[in-house]
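Have a look at the structure below, then the notes.
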Amino acid sequence: FLRVDGANDLSAPLTTPVTSIAPQEETDVSVNMVVPTSAGRYQSYFKLCSPTGKKFGQRMRCQILAVDTKSISPEQMDKAWESLEAMGLVKHSQRPNHISVLLMKYNCDVTKIVRHLVSHPQEEH
């Protein structure tokens, strides 16, 4: 199972069942979490555990940036997307999640988003 291991800002359940698998196999794990109502950066940490509760493997973190979406109109969001598409930073009709996060973080300020993308070239664009 998966167990909360430290901060739990996202109100994840303390344990989440994980399907038993053999070494070197992969599986998907889904954890229900709750985004806090206040804007800010939040995280929860997890660790895999054996059926007896012994922790193993690397500690995992889920981190989110909660933003106040009430201050951004749908028109502002569309205009920002169109600007980013016109600059060739995103492909037409593709709206990657990490760009959505930047739009919220920088309140649709395209100049700040471009500055971020240029100063963080290692991130996926």
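Source: prediction; values computed, not measured.
- Around the CD atom of Q58, the shell of radius 6.0 Å holds no more than 12 heavy atoms that belong to other residues, nucleotides or ligands.
- For L14, the CG atom counts as loosely surrounded, since its 6.0 Å shell holds 12 or fewer non-hydrogen atoms of other residues, nucleotides or ligands.
- Counting only heavy atoms from C-beta outward, the side chains of L10 and P36 approach each other to under 4.5 Å.
- Applying the side chain to side chain donor-acceptor pair (under 3.5 Å) definition to pairs two or more places apart or across chains, those involving residues 43-54 are N8-S44, Q43-Y45, Q43-Q63, S50-T52.
- When all heavy atoms of V18 and L2 are compared, the closest pair comes out as CG2-N, 3.7 Å.
- Linking ILVMFWY side-chain heavy atoms closer than 4.5 Å, directly or via other members, places I21 and V31 in two distinct hydrophobic clusters.
- R59 approaches G6 most closely through the heavy-atom pair NH2-CA, 3.6 Å.
- Across all their heavy atoms, P13 and N32 have their closest contact at CD-O, 3.2 Å.
- Grouped by direct or indirect side-chain proximity (heavy atoms under 4.5 Å, Ile/Leu/Val/Met/Phe/Trp/Tyr only), F1 sits alone.
- Across all non-hydrogen atoms, the minimal contact from R3 to C49 is CB-SG, 3.8 Å.
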Verdict with supporting geometry, M60 and D5, side chain to side chain contact (heavy atoms under 4.5 Å, CB included):
CA-CA 9 Å; M60 295 170 272; D5 186 49; over 6 Å; no
